[in-house]
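In what follows, a single structure is set out as structure tokens and then discussed.
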Amino acid sequence: MDVRILGGLSVRENGVSITPTAAAPRQLLALLTASADQVVPVTVLTEELWPSGAPRGARTELQSHITELRRLIASALTRDDGPAEIRPGWSDRRTADAVLVSQPGGYRLDTGGGVHDVWQFERAAGAGYRAMDAGDLTRAALRLGEALALWRGEPYAGVAAGPRLRREIERLEASRMSVLDQWIEAQLGLGRHAELVSELSGLVARYRTNEPLHAHYLVALLRCGHHDEALTAYERLKTALAGESGCEPSARLRRLHRSVLTLRNTAGRSVFDTHAHAWTPTRTAVPAPAHVPAQYTPVRPRPLAVGSLV
């Protein structure tokens, strides 16, 4: 089975799509993929489909959705035009009931050792985090970049999400932002600030109150000598935070702001050579970037295992 949820739901068995077009079975399949290879209790499934309370006949309706999913799975298993790399006779040993398994109190989607893009994301992210902890910024940037490249858009895009799926979507988005933060930190550590400015500009415009992203943006601008742009970005963040929560930027960002002011004022100050016979204005050299916080390191949540919502 091939499961893709990082940018829309796509589930394939035997190389054939088993993703329903109808909203309710699609939502049901989405929740099963969130806990693939684990039993999802019937109570969790009904809460997802009917968050305001299960109506009379909910169990019968749930069973009809399960039957529809198994029909799609059975059709996929009997197709002989799947990818050539699938082992001969492999689909003959799989049945719809063995893929979507009934177990006491719930159902389990059996991937058969297949691919799940969330698992791939979390493996690559974990490798990137370990590289960061070891100080290997090159490897960290590579593995964290691989994790981010798996995202094609919003998780479970196109699926009507109930309370359980919404929590899973929030968890995945938080994990992605954590990986993004660490990838940018690794890139800055490798001196790639000039390449990051454009991307960070777009990110802070999208995430108007995200302080770690703004801190990275200020550092990148500062290292490029764009002091005025850094001050403007800080003021935009300050205004957005005040409007949204009434809060000031964090102490770290305020220190970074003071560093921007100091460097801008130092870079623009003229001094005079008092040893010369004439007044000779000269420019003071800009202090080395050591005056600027090299990295902004918020506490980062480690990626959680798939299935944590049950």
Side-chain angles (χ1 to χ4, degrees), residues 1-50 54 57-122 150 152-162 164-165 168-169 172 305-310:
M1 183 175 290
D2 186 312
V3 179
R4 310 284 171 176
I5 64 92
L6 300 177
L9 178 66
S10 172
V11 185
R12 304 182 77 84
E13 177 67 35
N14 193 31
V16 180
S17 175
I18 61 168
T19 310
T21 55
R26 187 181 184 89
Q27 185 178 3
L28 178 61
L29 179 62
L31 191 61
L32 289 166
T33 64
S35 297
D37 292 331
Q38 300 180 44
V39 177
V40 182
V42 168
T43 54
V44 170
L45 297 173
T46 55
E47 179 188 342
E48 172 66 21
L49 292 173
W50 298 284
R59 288 294 183 103
T60 302
E61 188 172 344
L62 174 62
Q63 186 57 52
S64 73
H65 297 327
I66 294 291
T67 300
E68 170 62 12
L69 290 176
R70 283 177 172 157
R71 185 189 66 78
L72 290 169
I73 294 167
S75 177
L77 290 171
T78 57
R79 291 276 291 272
D80 58 5
D81 57 350
E85 64 267 19
I86 294 180
R87 297 183 299 276
W90 177 80
S91 62
D92 296 339
R93 297 193 292 273
R94 297 264 282 177
T95 65
D97 288 346
V99 175
L100 182 47
V101 186
S102 296
Q103 301 213 231
Y107 296 92
R108 174 172 57 85
L109 185 68
D110 189 327
T111 64
V115 174
H116 198 309
D117 59 356
V118 172
W119 299 344
Q120 294 175 310
F121 167 74
E122 292 181 341
L150 291 165
R152 298 168 287 111
E154 300 298 320
Y156 292 107
V159 177
R164 298 280 178 160
L165 267 182
E168 176 66 358
I169 290 168
L172 290 169
V306 174
S308 60
L309 56 84
V310 177

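Everything numeric in this text was worked out from a predicted model, so none of it was measured.
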Check: Got a second to check how far Y156's OH is from I169's CD1, nearest 0.5 Å?
Finding: 8.0 Å
Next item on the list: To the nearest 0.5 Å, tell me how far L28 CG sits from L45 CG.
Entry: 5.5 Å
Next item on the list: Answer yes or no: is there a donor N or O on one side and an acceptor on the other, between the side chain of E48 and the main chain of G162, under 3.5 Å?
Entry: yes
Item checked: Point-to-point distance, once rounded to the nearest 0.5 Å, from OG1 of T67 to CD of Q63 -> 4.5 Å
Next item on the list: For residues A30 and V159, report the shortest heavy-atom separation together with the two atoms involved.
Entry: CB-CG1, 3.9 Å
Next item on the list: Only counting residues at least two apart or in another chain, list the ones meeting salt bridge (charged side-chain N to carboxylate O under 4.0 Å, His left out) with R108.
Entry: D110
Checklist line | Flag, side chain of T78 to backbone of S75, donor-acceptor distance under 3.5 Å | finding: yes
Notebook entry, point to check: Would you call T46 and L62 a side-chain contact if the rule is heavy atoms closer than 4.5 Å?
Noted result: yes
Next item on the list: May I have all residue pairs that pass salt bridge (Lys or Arg N to Asp or Glu O under 4.0 Å) and include part of residues 62-74, sequence neighbours excluded?
Entry: E68-R71, R70-D97
Check: Is the side chain of D117 donor-acceptor paired with the backbone N or O of L6 at a distance under 3.5 Å, no angle test?
Finding: yes
Check: Do other residues, nucleotides or ligands put more than 12 heavy atoms under 6.0 Å from R59 CZ?
Finding: no
Notebook entry, point to check: Are any non-hydrogen side-chain atoms of L49 and H65 less than 4.5 angstrom apart?
Noted result: yes
Notebook entry, point to check: Can you tell me if E154 uses its side chain to pair, donor with acceptor, with the backbone of G7 under 3.5 Å?
Noted result: no
Note to self: I want to check something: taking the side chain as every heavy atom from C-beta on, are L29 and V11 in contact at a cut-off of under 4.5 Å?
What the structure shows: yes
Notebook entry, point to check: Where do R164 and E47 land on the side chain to side chain contact (heavy atoms under 4.5 Å, CB included) test, with the steps shown first?
Noted result: CA-CA 8 Å; R164 298 280 178 160; E47 179 188 342; 2.9 Å; yes
Item checked: Note, L150 side chain near V118 side chain (heavy atom, < 4.5 Å) -> no
Margin query: Tell me which one of L69, I66, V101 satisfies side chain to side chain contact (heavy atoms under 4.5 Å, CB included) with Y107.
Written below: I66
Next item on the list: State, to 0.1 Å, how close S35 and V40 come at their nearest heavy-atom pair, and which atoms those are.
Entry: CB-CG2, 3.7 Å
Margin query: Could you check whether any side-chain N or O of D37 sits under 3.5 Å from a backbone N or O of T111, counting only pairs where one atom can act as donor and the other as acceptor?
Written below: yes
Next item on the list: Any side chain to side chain donor-acceptor pair (under 3.5 Å) involving residues 16-26? Give me the pairs, sequence neighbours left out, ordered by first then second residue.
Entry: none
Next item on the list: Work out which heavy atom in I18 is nearest to a heavy atom in E13; give both atom names and the distance.
Entry: CG2-CB, 4.0 Å
Check: Between Q120 and R4, is any side-chain donor less than 3.5 angstrom from a side-chain acceptor?
Finding: yes
Checklist line | Heavy-atom closest pair, residues L77 and A96 | finding: CD1-N, 3.7 Å
Check: Do the side chain of H116 and the main chain of T33 share a donor and acceptor less than 3.5 angstrom apart?
Finding: yes
